[in-house]
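Note that the structure is predicted; figures quoted are calculated from it, not measured.
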Amino acid sequence: MARRALILIEDHAGSGLPYVRAARRLGLHPITLCADPTQYDYVAAESVQTIRVDTDNLDAMIHECSQLRTTYEIAGITGFSGLDETIYVAVAKLCRHFDLPGPSTASIEQCCDKFVQRQILAEAGVPMPAYRLATSARDVKSAAAELGLPVIVKPAVGTGSTGVRSCRSLDELAEHTTYLLGGKYIWRSSPRILVEEFAQGPVYTAHIMGNEIIGIVESEFGPPPHFVSRELTFPVLLADHEHKRIADVSLSCLQALGLGWGPTNIEFRWTTRGPVVIEVNPRLAGAPEPQLVQLACGVDLITEHVKLVVGNKWDLAKRRSHIAGARKLVADRDGILDRINGDDRAAAVPNVAEVRFHLEPKTPIIRKGDYRDCIGYVIAASPDHARTKATLQRAVDLIDWSITPFATPGEQEQFVASDFRADDERLVCKGRCSQ
């Protein structure tokens with residue numbers, strides 16, 4: 001009998017390894033198809049079978065999977081987002097081609113385009129910020145005048161808050177528009193920009209599997225104008241009627257967008273008119289949110305997702321009721337990461353579940369105002385909200401790290417240029433652009 005394989009399209013620094021380990025626990029052989037295997041250190045460390053392929057070329061991936069079927073039984077296919085969500089469209093098409101369990105291609109495609117997503121949700125009466133689509137600097141300025149400052153300006157396609165900024169003045173609006181349209185931001189196709197009303201209030205994310213809401217995470221961001229996540233708490237402490245309102249709106253989103261197979265995460269802002277939808281993502285949220293869910297209620301979202309992908313029945317039964325939290329370490333300046341240590345001390349604090357550093361000392365740091373500014377995180381869990389918060393603070397206080405600013409503007413410009421070229425090469429290699 002042929003060995004059952006789980007195909008992983010591309011990989012992810014935070015979630016890829018848990019998927020590999022979940023597959024192996026379930027008796028599956030994980031195989032990664034990616035454009036550049038050297039991006040993922042754990043692939044070599046874990047001896048993951050890897051095939052180099054252009055993951056923007058559907059026919060090339062169909063060919064590789066067809067070749068694999070001569071040796072393995074392909075039990076399922078899934079993948080990970082990069083700077084945009086297009087990999088999920090490819091996954092849906094591959095699942096359909098090989099008659100495997102998977103999401104609706106049309107549903108994934110309309111979710112990945114935030115303007116199309118907004119239109120569909122608006123027609124369904126889902127509460128959202130007011131929005132306009134812009135394709136030029138003049139359009140952006142006109143949309144901001146209609147909506148009134150401050151506004152959120154972001155690419156219509158993308159993930160991880162890349163290219164997203166709040167603009168509180170005409171000068172900030174002009175500066176960010178120039179960034180998006182002036183050649184510094186890499187577009188995959190013709191630029192399309194969303195200009196949105198700035199919805200103010202706490203940020204919540206509903207984690208959903210199928211049509212079941214597993215729970216709601218609260219996120220805290222760093223200072224404007226960017227949206228860099230600093231702290232996460234799961235589950236958020238909400239009144240019953242508040243939880244019900246978010247649940248009702250979440251289910252309306254699933255129905256309108258034709259979702260309901262597999263994982264979804266929906267981001268909200270709780271405003272003076274209640275919850276408004278910021279975006280619907282047809283996937284699991286990235287690390288460390290799945291870890292928080294597992295620590296808090298005992299549901300391993302990654303393992304249960306793999307079960308669904310290979311056609312098995314999942315188990316979403318909650319086994320405990322704890323409060324889990326994560327504190328992210330975020331770069332506060334550009335420069336060279338001189339040192340980062342104390343992970344052993346932090347990990348030894350009672351109730352700390354994980355301490356992770358993304359970067360090694362002597363790494364140059366160029367802040368981008370998005371998820372890439374995070375250089376590590378600490379996760380803790382306990383039966384009590386206050387204890388979890390205190391544990392996180394104690395652990396973070398034991399971590400020692402410093403960034404030495406670049407010696408000269410020329411040195412910084414050198415790293416900015418090399419970083420931009422690296423991003424451009426990765427996008428060309430993978431065929432991806434912007435989350």
Engineer: First locate atom CG of N312, then atom CG of L28, and finally report the distance between them rounded to the nearest 0.5 Å.
Structural biologist: 8.0 Å
Engineer: Quick one: which residue pairs count as a salt bridge (charged side-chain N to carboxylate O under 4.0 Å, His left out) with a foot in residues 17-32, not counting sequence neighbours?
Structural biologist: R21-E46, R24-E46, R25-D300
Engineer: Report yes if the side chains of R168 and F198 come closer than 4.5 Å at any heavy-atom pair, otherwise no.
Structural biologist: no
Engineer: What is the minimum heavy-atom distance between V330 and S229, and which atoms define it?
Structural biologist: CG2-O, 4.0 Å
Engineer: Do L284 and S15 pass the side-chain contact (heavy atoms from CB on, under 4.5 Å) test, and can you show the C-alpha distance, the side-chain angles, and the key distance before you say yes or no?
Structural biologist: CA-CA 9 Å; L284 282 183; S15 299; over 6 Å; no
Engineer: Identify the heavy atoms of V276 and A199 that sit nearest to each other, and give their distance.
Structural biologist: CG2-CB, 3.9 Å
Engineer: Quick check: do V228 and F221 have side-chain heavy atoms less than 4.5 Å from each other?
Structural biologist: no
Engineer: Hey, is E304 close enough to K307 for a salt bridge, meaning N to O under 4.0 Å?
Structural biologist: yes
Engineer: If the condition is side-chain hydrogen bond (donor to acceptor under 3.5 Å, both in side chains), which residues does Q255 pass it with, not counting sequence neighbours?
Structural biologist: none
Engineer: State, yes or no, whether a side-chain contact exists between L301 and I214 at a heavy-atom distance under 4.5 Å.
Structural biologist: yes
Engineer: Determine, step by step, whether V355 and I399 satisfy the side-chain contact (heavy atoms from CB on, under 4.5 Å) criterion, reporting the C-alpha distance in whole Å, the side-chain angles of both residues, the deciding distance to 0.1 Å, and the verdict.
Structural biologist: CA-CA 10 Å; V355 180; I399 295 173; 4.2 Å; yes
Engineer: Ignoring hydrogens and geometry, is there a side-chain-to-backbone donor-acceptor pair from D334 to I366 under 3.5 Å?
Structural biologist: no
Engineer: In Å and rounded to the nearest 0.5 Å, what is the CD1 to CG distance from I7 to L33?
Structural biologist: 6.0 Å
Engineer: Between T205 and N265, does a side-chain hydrogen bond (donor to acceptor under 3.5 Å, both in side chains) hold up when you go through it step by step?
Structural biologist: CA-CA 6 Å; T205 301; N265 73 87; 5.4 Å; no
Engineer: Any chance you could measure R387, atom CZ, to N351, atom CG, to the nearest 0.5 Å?
Structural biologist: 6.0 Å
Engineer: Between Y377 and H358, is the ring centre distance below 6.0 Å?
Structural biologist: yes
Engineer: Please lay out, stage by stage, how Q393 and R327 fare under the test side-chain contact (heavy atoms from CB on, under 4.5 Å).
Structural biologist: CA-CA 8 Å; Q393 187 61 57; R327 181 79 61 83; 3.2 Å; yes
Engineer: Donor-acceptor pair, distance only, cut-off 3.5 Å: does the side chain of H176 make one with the backbone of G163?
Structural biologist: yes
Engineer: Please tell me if the side chains of L6 and V309 come closer than 4.5 Å, counting only heavy atoms from C-beta onward.
Structural biologist: yes
Engineer: Is a donor on one side and an acceptor on the other found under 3.5 Å between the side chain of R319 and the backbone of A317?
Structural biologist: yes
Engineer: Say whether, by atom type as modelled, one donor and one acceptor occur between the side chain of K141 and the main chain of L170 under 3.5 angstrom.
Structural biologist: no
Engineer: Can D248 and K244 be counted as an ion pair, charged N to O under 4.0 angstrom?
Structural biologist: yes
Engineer: Once you round to the nearest 0.5 Å, how far does CG of L180 lie from CD1 of I193?
Structural biologist: 4.5 Å
Engineer: Could you state the interatomic distance from CH2 (W401) to CG (N341), rounded to the nearest 0.5 Å?
Structural biologist: 12.0 Å
Engineer: Below 4.5 Å, heavy atoms only, C-beta onward: do Y179 and E175 meet side chain to side chain?
Structural biologist: no
Engineer: With side-chain contact (heavy atoms from CB on, under 4.5 Å) as the test, would you mind laying out the steps for S250 and I246 before giving the verdict?
Structural biologist: CA-CA 6 Å; S250 296; I246 290 178; 4.0 Å; yes
Engineer: When you measure from the side chain of S161 to the backbone N and O of V164, does any donor-acceptor pair fall under 3.5 Å?
Structural biologist: no
Engineer: Report yes or no: does E10 contribute a side-chain atom to a donor-acceptor pair with the main-chain N or O of A35 at less than 3.5 Å?
Structural biologist: yes
Engineer: Salt bridge or not between E196 and R269? Use side-chain N to carboxylate O under 4.0 Å.
Structural biologist: no
Engineer: Quick one: does L392's side chain get under 4.5 Å of E231's, heavy atoms only?
Structural biologist: yes
Engineer: Is the distance between the ring centroids of W187 and Y185 under 6.0 Å?
Structural biologist: yes
Engineer: Does the pair T50 and T32 meet the rule for a side-chain hydrogen bond (donor to acceptor under 3.5 Å, both in side chains), with working shown?
Structural biologist: CA-CA 5 Å; T50 307; T32 292; 5.0 Å; no
Engineer: Rounded to the nearest 0.5 Å, what separates atom CG in L121 from atom NZ in K114?
Structural biologist: 12.5 Å
Engineer: Does A386 offer a backbone N or O that forms a donor-acceptor pair with the side chain of D384 under 3.5 Å?
Structural biologist: yes
Engineer: Does the side chain of F234 reach to within under 4.5 Å of the side chain of L295, using non-hydrogen atoms?
Structural biologist: no
Engineer: Return the minimal non-hydrogen interatomic distance between P405 and R333, and the atom names on each side.
Structural biologist: CG-CD, 4.2 Å
Engineer: Looking at every non-hydrogen atom in both residues, tell me the closest pair between A92 and I108 and how far apart they are.
Structural biologist: CB-CG1, 4.4 Å
Engineer: Verify, without hydrogens or angle tests, whether T271 (side chain) and Q200 (backbone) share a donor-acceptor contact under 3.5 angstrom.
Structural biologist: no
Engineer: Would you confirm whether E242, through its side chain, and L238, through its main-chain N or O, come within 3.5 Å as a donor-acceptor pair?
Structural biologist: no
Engineer: Might you point out which heavy atoms bring I278 and R118 nearest each other, and give the distance in Å?
Structural biologist: O-NH2, 2.8 Å
Engineer: Indicate yes or no: at least one non-hydrogen side-chain atom of V306 is less than 4.5 angstrom from one of T78.
Structural biologist: no
Engineer: Looking only at non-hydrogen atoms, find the nearest pair between R230 and P223 and report the distance.
Structural biologist: NH2-CD, 3.7 Å
Engineer: Under a 3.5 Å distance rule, please check whether Q110 uses its side chain to pair with a backbone N or O of L257 as donor and acceptor.
Structural biologist: yes
